[in-house]
Amino acid sequence: MTSMSRARVARRIAAGAAYGGGGAGLVGAAVVGLVLAELRLARRHVGNGGGGRVPAADGVYGHAYDIPGEPPLRLTLLGDSTAAGQGVHRAGQTPGALLASGLAAVAERPVELRNVASPGARSDDLDRQVALVLSSPTPVPDICVIMIGANDVTHRMPPTRSVRHLAAAVRRLRTAGAEVVVGTCPDLGTIEPVQQPLRWLARRASRQLAAAQTIGVVEQGGRTVSLGDLLGPEFEANPRELFGPDNYHPSAEGYATAAMAVLPTVCAALGLWPEEERPDVSRREGFLPVARAAAEAASEAGTEVTAAMPTGPRGPWALLKRRRRRRVPEAEPATPSP
């Protein structure tokens, strides 16, 4: 599917999400059924890796940067098993811990991490997760990172419904005062036991949802980072290195790769990234209609999309950025939050 075709499909899904439609599909119903059956077989085949246990990583990172009287930055993760860190054995290997440590190093300030993500969650669980975040007696997070979408595809959630729930979550968090970064739907065509042609169909469905998610998130004032290709060529070339023991969830190296892609956008959202916010033409960055930016981002790992101009002749516009990544430092053990 071309970038323009993907942009049109994403625009239809996002419009359906915004206006209550439900008929826009990712691929034909029969095809989705085949993909679903294959993915479920794959999940049974690979098992659950670490037995479903997710290391607890909540706490404060970066104590070396303690400044008396200055509170830590507050980072919260929401979403599914990828956000939770299922598939690894140590808290410091989870994406939350890696992002908290990386953010502390860039900001030179401690970071308090809270993770409310739930393995197996779909986008309709975000309402519950956001309520947990906003009902907490602690202050509203400075930034929230959401990773969601894979289970929506494998459980055949209508994409318009998926995007509607995600957009509502972003809107509630932004209204409360938090910055929001969303890691969009990963590429399910990389799950090793899934065979062709269903790999191609799973990839197509994943990228279409990722593009539609981007439109919904940007329109609510959030930023997105494409995870699709991170779980694409790199994972496909090194499945034993970048997938965990279950061949379904990322390994520690895989989570580090994803965190390294998301960290620059997290820092940029907080005004901490040492790069120009203007587009760098040499890196193929620029202002595009949001649907086109979403479609391009869905095809390239680590590509950021954020709102630019309120509107234009072809609708809302967005800035597409390909930020230079920095290696995420290994997470030190966290201390419990006060």
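Quantities reported herein were computed from a predicted structural model and do not represent experimental measurements.
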4.5 Å side-chain heavy-atom contact, E300 and R284:
yes
Heavy atoms of V181 and A269 approach each other most closely as CG2-CB, 4.4 Å
Just verifying a value: how many Å separate D124 CG and N151 CG, rounded to the nearest 0.5 Å?
10.0 Å
Out of curiosity, I143 CD1 to R223 CZ, how far, rounded to the nearest 0.5 Å?
8.0 Å
May I ask whether M157 and L126 are part of the same hydrophobic cluster, defined by side-chain heavy atoms of I, L, V, M, F, W, Y residues being less than 4.5 angstrom apart, directly or through others?
no
Connected via hydrophobic side-chain network under 4.5 Å: V217 and L320:
no
Compare all side-chain heavy atoms of C144 with those of R114 and state whether any distance is below 4.5 angstrom.
no
For residues E304 and R323, determine if any side-chain heavy atom of one lies less than 4.5 Å from a side-chain heavy atom of the other.
yes
Quick check on the hydrophobic clustering: are V262 and W273 connected, directly or via other members, by side-chain heavy-atom contacts under 4.5 Å?
yes
Nearest heavy atoms of A117 and A83, plus distance in Å:
CB-CB, 3.6 Å
Is a side-chain N or O of E108 found less than 3.5 angstrom from the main chain of A104, in a donor-acceptor match?
no
Applying side chain to side chain contact (heavy atoms under 4.5 Å, CB included), run through L227 and C185 and close with a yes or a no.
CA-CA 7 Å; L227 297 183; C185 182; over 6 Å; no
Indicate the atoms forming the closest heavy-atom contact of A167 with G216, along with that distance.
CB-O, 3.9 Å
Run the salt-bridge test on D66 and R109 with the 4.0 Å N-O cut-off and return the result as yes or no.
no
Hey, which of T175, V180, V130 is the one that makes side-chain contact (heavy atoms from CB on, under 4.5 Å) with V170?
V180
How long is the span from the OG atom in S123 to the CZ atom in R161, to the nearest 0.5 Å?
9.5 Å
At what distance, to the nearest 0.5 angstrom, does CG of L99 lie from CE of M260?
12.0 Å
Of D58, T94, V54, L75, the one forming a side-chain contact (heavy atoms from CB on, under 4.5 Å) with N115 is D58
So which of V60, L77, L73 actually passes side-chain contact (heavy atoms from CB on, under 4.5 Å) with L113?
L77
Is it true that T184 and Q213 share a donor-acceptor pair across their side chains at a distance under 3.5 Å?
no
If you define the side chain from C-beta out and look only at heavy atoms, does anything of R174 sit under 4.5 Å from E179?
yes
Counting C-beta onward and ignoring hydrogens, is there a side-chain heavy-atom pair between L319 and P279 closer than 4.5 Å?
yes
Testing L173, L78, T76 for side-chain contact (heavy atoms from CB on, under 4.5 Å) with P141, which one passes?
T76
Side chains of Q129 and S118, heavy atoms from C-beta outward: is any pair under 4.5 Å?
yes
Under 4.5 Å between side-chain heavy atoms, hopping through other hydrophobics if needed: is there a path connecting L270 to Y65?
no
State whether the side chain of Y255 and the backbone N or O of Q86 hold a donor-acceptor pair below 3.5 Å, judged by distance alone.
yes
Over all heavy atoms of both residues, which pair between D80 and A150 is shortest? Give the atoms and the distance, please.
OD2-N, 4.1 Å
So, K321 side chain and R278 main chain: donor-acceptor pair closer than 3.5 Å or not?
yes
Regarding D125 and R128, does a basic nitrogen lie under 4.0 Å from an acidic carboxylate oxygen?
yes
Would V266 and V145 satisfy side chain to side chain contact (heavy atoms under 4.5 Å, CB included), going step by step from the backbone distance to the final call?
CA-CA 8 Å; V266 167; V145 174; 3.7 Å; yes
Looking at every heavy atom in both G85 and P95, which two are closest together, and how far apart are they?
CA-CD, 3.7 Å
Please round to the nearest 0.5 Å and tell me the distance separating atom CZ of R74 and atom CD of E112.
7.5 Å
Side chains of E285 and T303: does their closest heavy-atom pair fall under 4.5 Å?
no
Hey, does the side chain of D152 reach the backbone of S162 with a donor-acceptor pair shorter than 3.5 angstrom?
no
Cluster question for you: counting only ILVMFWY and a side-chain heavy-atom cut-off of under 4.5 Å, with indirect links fine, are I146 and V133 together?
yes
Where L134 and R172 come nearest, the two heavy atoms and their spacing:
CD1-O, 4.1 Å
Indicate yes or no: at least one non-hydrogen side-chain atom of V218 is less than 4.5 angstrom from one of T214.
yes
